[in-house]
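Structure record follows, encoded as structure tokens.
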Amino acid sequence: MSLEIEKCEGWGRIGRVFGKNGFITPNIVLLRFFDQDSFLSQNFLPKSLKCQENLIPSVLEKEIKSEKDSLSLQLSPKLFIYPSLQMQGKSLNDISCFEDLFPIDITKNSDSIASYHIIPWDLPIINLGQYNSYLKVLNDINEPELSNNTKLALNVPLMPEIFTQLLPILKDSTIEMVCLGDMSSLITHPTLLLKFLLHINSWVSPNIMLYAPGVPSSYIPILVYLGIDLFDLLFVEMSSVSKKRSDLIFEQNITVEFFLERLWLTKKALETGKLRDLSRIFANSFPPLKTLLRVADSQIPLENNTPLYGPNTLFCTDETDFTRPEVTRFRKRVQTRYTPPKHIRGIIFLPCSAKKPYSKSKSHSLFRRVIKRNMKRKYHLIEEVILTSPLGVVPRNLEYTFPAGHYDIPVTGKWSEIEKKHLITDITYFIDKLSPNIPMVGYVTGKEREILIEACSRSDRPIHLLSEEDGSLTSRENLQEFSRLLQDTFSSVPSKPKISAQLTFLRTVADYQFGKGIGSILIPNNVQIYGRKDFGFRVQLENKHLLTFRPKTGLLTLSLEAGERLSGYTSNTVTFDGDNIEGSTIFTNAIIKANEEICPNDEVLVVSTTDELLAVGTSYISGDLLVKMKRGKGIKIRQKVRRK
Amino acid sequence: MSLPRNPLLSSTIYKLRQEFLELEKDSLKPKTWFKLTETMEKVVITGVIPTRGCSWALSETGGCSVCGYINDSSRDHKIPSEQIIEHIQQSLNQANPSKPIEFKLFNSGSFFDEDDIPQKLRSQIIDLLKKPNKIRLFSVESRPEYLLNHQDIINETNIRLKPITLEIGVGMESSNDAILRDCWNKGFLLDDYRESVQITRLNGIRIKTYVLIKPPFLTELEAICDSIRTSIDAIEIGTDIISFNPCTVQNGTLVNFLAKKNRFSPPWLWSVLHVIKTIRNQFPEQELICEPIAAGKQRGPHNCGKCDKNVLDLINRVINSKQIPNDLSNICPCYKRWQVLVTTPIEVFRTRNHSKLRFLNPLNE
């Protein structure tokens, strides 16, 4: 296997195939049709019909003008297609050795470009649904010695029942590419397509590249997001004859150049962590695509493969973004991992602000000034909670954490039903965690006010609100009422000795990042905290560096010291095959076990097979891939145990 | 290539056929069908008679994957011999007495198969044909195994028929053994065909070879290539005439089953034209016929629906060695769509076919 994953988002990945002439996925494959009998070329077919060695060039050569495109195609792998066994005059029963499958000796292929050879189909067996017996024969054949640049590909028809049989044959074979041949007939049947992809993903190892023949260019981003690595130009050639204008805005007058541009754009999006955004843009152009994206969120576990922190900003522009993995993960973690600190005696619900983190915004600094002025020495007993869409409930202490400090939504003041539903659920979860005698104030108007009232009535808890339903929250009258409200509600709260706000903050983040209750284990009371929130905290324990808080991602990075403290408590553990790590990267082939919940960019502890801590680092890919991939970078080591 | 049968294929065909025949058991009415065509120089009488039915199709092998003619045969019922004789007599009486007659009699099976047509009925038919003394050619059809095994019957028939020329149609369909076995389920291989043709032709009997266009499973391009190759092989073996039959979808067949699942569609008329044009260019003197059944209909060979008539005309012109335009793309926009279908390997990947490319662009499938 020679595929390495460089970066992933959802099921999408940038892969690098190594070899003398390696290439990067997502990419185009160049198709070449093998003219078996040569009777096709014996003048029986008119010139226009003659099967060229490469089937694409007629369109290609004319249309590729830019040097960049022709250069990029030079690095594309070639895919050789052979006639079916029947056209070769054979049947599967006649096949006794590997050479019988092909009309020529493919092992003598001396092409300098990476070339893949599709194993020909046995027609009745495939078409009458006996794919298993086909695989069985392939499995029984001794595999040949193939040169570095010659590899095999398997064409898989759309028959979900066959996939269970795919695993054994694909496990240790030289097959490095699976063609999803029926994909092009499914492009307008999104639910079926998704089912197909789900099956493929669960049975085909991630070491194998997936190729979708003949799909339109507007499907590229979303199909990449759902795990397809390779495409071809068949659709361009097929739609070139249709004079009727396509209904799809992105398929109008599609040319090879456009097609390659879409692919380039997708690759760029993957590099910058914006693939989901690109998928959404293209999904909005065609209803089946939109269905695909919508259903994907509910049916495919994309969360674990989505980086823990991504780009600088996270745009949530339409309803598919309310369920995007980053958002779902944040809501889930706040629901399950966040607990209000024990000393908290009052809650204030606040609206969100456009500027992130919220505390940097004008409105929030006004609110906080009012709160501080009124609460005075009781300020640290109050938890501020921001209500927002689509993240739901953001405790003040998580406002830096991705995606809370990074998201951006179109502000209209109107809330959709799904946003309302999500927010009510989240508030209810939050309120139910509070002990019943904690008073709550809601300094919100409009829709948020309605939602807050509904959520509180569901939990049967009183809430103190502004008398005015609408109006600006930054107006002098409202702020005055706010301070009266605070005085009235929290006057009975007894004052308590001060507890470090920084400590609470760091523990909340640690809980979010590593699991419920980890904060107090990781960060004891006697730590020294240096620095400021906006520039990052450095936390030391007994003069040894423990961890760093990075304001840019709102997350913690661990030192070996912290690793020792977490050892046994956190699930972010990876088992390394060996007990001495050399260099600063662990490759996936050396990883024998990894927790499935590890996401890309997650902090992980590397342990030996005897559960001894070896190092701490950041994972490049998800836990599942760390185990399954046979090549490529796995973990970036930050600090490792030095052996003397 | 030891076994001439593919068990998977033939058991599937058998199952499908039995299911359908069982369903239709009660509504069966054996039908005779006669048609007279008068041209400038001759009268052609084409007749279909409901004999017991093709033994191959009735056997446990299931029969050929595309053939549904068994549906109209008598099968377990009594063969309506009197009716058949009466109809033959009628059609002979109707024919223009001043022109010679070519009599084509199809029993949707093998004319020399004792199980299919009883000896008595066969001699009655021959006696009937000898009377009018105007018949020039008598054309029947048979599977090659009867040409090999029943040579005595054939020779006897041939002698009795004199001076009428006997022409026997043999369904060769493909010269590729794997395709014969795994796509058509013909039950014989190329060598059987070759041997039977060579032996039969020694006795001065004309051989008509049927070449079916587009078996199940093959792509449009593969089907075209196979038909071209087959025709060339048939001519080399020594057939007198080639009849091209584009595949139609008939009830109770494998092809029907596949078509319902969108895994088969009959060939384009462009493909038919292409095969015939290629053979005509290569063999200008060769006698060819092509009378597509259900042309232009969904279940038969068709194009986009607008140009079907025109393309059928073109096919006829090529058959009769007349000129046709060089640039076919002017005839109908669907020509280009067909070209794309056969020049791109998209079909190779798929189990479902691009049936709607005939009318629509690839996205609106």
Side-chain angles (χ1 to χ4, degrees), chain A residues 31 33 37 39-40 43-46 48-52 55-56 58 81 83-91 93-94 118 121-128 130 133 155 157-159 179-185 187-188 213-214 216 234-235 237-244 246-248 251, chain B residues 1-3 6 8-9 12 65 176-179 181-183 185 215-219 221-222 224-226 228-229 232 254 258 261-264 274 277-279 281-282 329 333-346 348-354 357 360-365:
Chain A
L31 301 178
F33 196 92
D37 211 2
F39 68 81
L40 281 182
N43 295 330
F44 292 132
L45 294 173
S48 61
L49 253 181
K50 213 183 270 179
C51 268
Q52 295 100 334
L55 278 158
I56 304 154
S58 53
I81 307 168
S84 56
L85 289 177
Q86 272 66 29
M87 277 305 277
Q88 294 180 34
K90 303 170 193 163
S91 290
N93 299 333
D94 309 327
I118 297 189
W121 269 354
D122 179 272
L123 295 173
I125 283 184
I126 300 292
N127 284 286
L128 297 175
Q130 301 291 314
S133 50
N155 194 7
L158 166 71
M159 291 168 197
C179 314
L180 308 175
D182 280 324
M183 192 77 119
S184 56
S185 65
I187 50 180
T188 49
L234 278 177
F235 189 83
E237 203 163 351
M238 288 183 30
S239 48
S240 66
V241 287
S242 179
K243 271 186 194 154
K244 244 164 84 185
S246 170
D247 291 340
L248 252 90
E251 301 301 336
Chain B
M1 198 58 60
S2 48
L3 245 167
N6 180 331
L8 169 67
L9 185 74
T12 312
S65 56
N176 179 332
D177 281 345
I179 289 176
R181 185 175 81 166
D182 296 343
C183 299
N185 196 35
F217 313 140
L218 291 194
T219 67
L221 176 67
E222 284 179 328
I224 292 174
C225 296
D226 183 54
I228 294 173
R229 165 59 74 202
I232 293 166
L254 175 74
L258 293 172
K261 287 181 152 190
N262 195 14
R263 291 190 174 180
F264 177 82
H274 182 77
K277 209 171 72 182
T278 312
I279 296 300
N281 288 342
Q282 199 73 15
S329 57
C334 77
Y335 181 75
K336 278 196 168 162
R337 293 208 284 274
W338 169 80
Q339 263 190 330
V340 160
L341 184 74
V342 293
T343 46
T344 52
I346 183 79
V348 180
F349 291 110
R350 301 177 26 147
T351 55
R352 302 164 173 222
N353 57 39
H354 265 292
L357 201 63
L360 300 165
N361 65 21
L363 240 177
N364 301 348
E365 209 175 321

(message) Let me confirm one number: the OG-CZ distance from A/Ser184 to B/Arg352, rounded to the nearest 0.5 Å.
(response) 9.5 Å
(request) Hey, could you give me the CZ/CD distance between B/Arg181 and A/Gln86, rounded to the nearest 0.5 Å? (result) 8.0 Å
(request) Kindly give the heavy-atom pair with the smallest separation between B/Glu222 and A/Pro83, and that separation in Å. (result) OE2-CA, 4.1 Å
(message) Can you tell me how far apart CG (A/Leu85) and CD1 (B/Ile179) are? Round to the nearest 0.5 Å.
(response) 11.0 Å
(message) Between B/Asp182 and A/Pro124 (side chain of the first, backbone of the second, donor and acceptor by atom type, cut-off under 3.5 Å), is there such a pair?
(response) no
(request) Answer whether the closest heavy-atom distance between the side chains of B/Ile346 and A/Phe235 falls below 4.5 Å. (result) no
(request) May I ask you to decide if A/Met87's main-chain N or O and B/Asp226's side chain share a donor-acceptor pair within less than 3.5 Å? (result) no
(message) Counting C-beta onward and ignoring hydrogens, is there a side-chain heavy-atom pair between B/Val348 and A/Trp121 closer than 4.5 Å?
(response) no
(message) Between A/Leu31 and B/Phe349, does the side chain to side chain contact (heavy atoms under 4.5 Å, CB included) criterion hold? Intermediate values first, please.
(response) CA-CA 12 Å; A/Leu31 301 178; B/Phe349 291 110; 4.2 Å; yes
(message) I need the minimum non-hydrogen distance between A/Gly89 and B/Ala178, along with the two atoms involved.
(response) C-CB, 3.4 Å
(request) Establish, from distance only, whether the side-chain atoms of B/Thr351 and A/Asn127 form a donor-acceptor pair under 3.5 Å. (result) no
(request) Heavy-atom distances under 4.5 Å only: say whether B/Leu254 touches chain A with side chain, backbone, both or neither. (result) side chain
(request) May I ask you to name which of A/Ile125, A/Leu123, A/Asn93, A/Ile126 has the most heavy-atom pairs under 4.5 Å with chain B? (result) A/Leu123
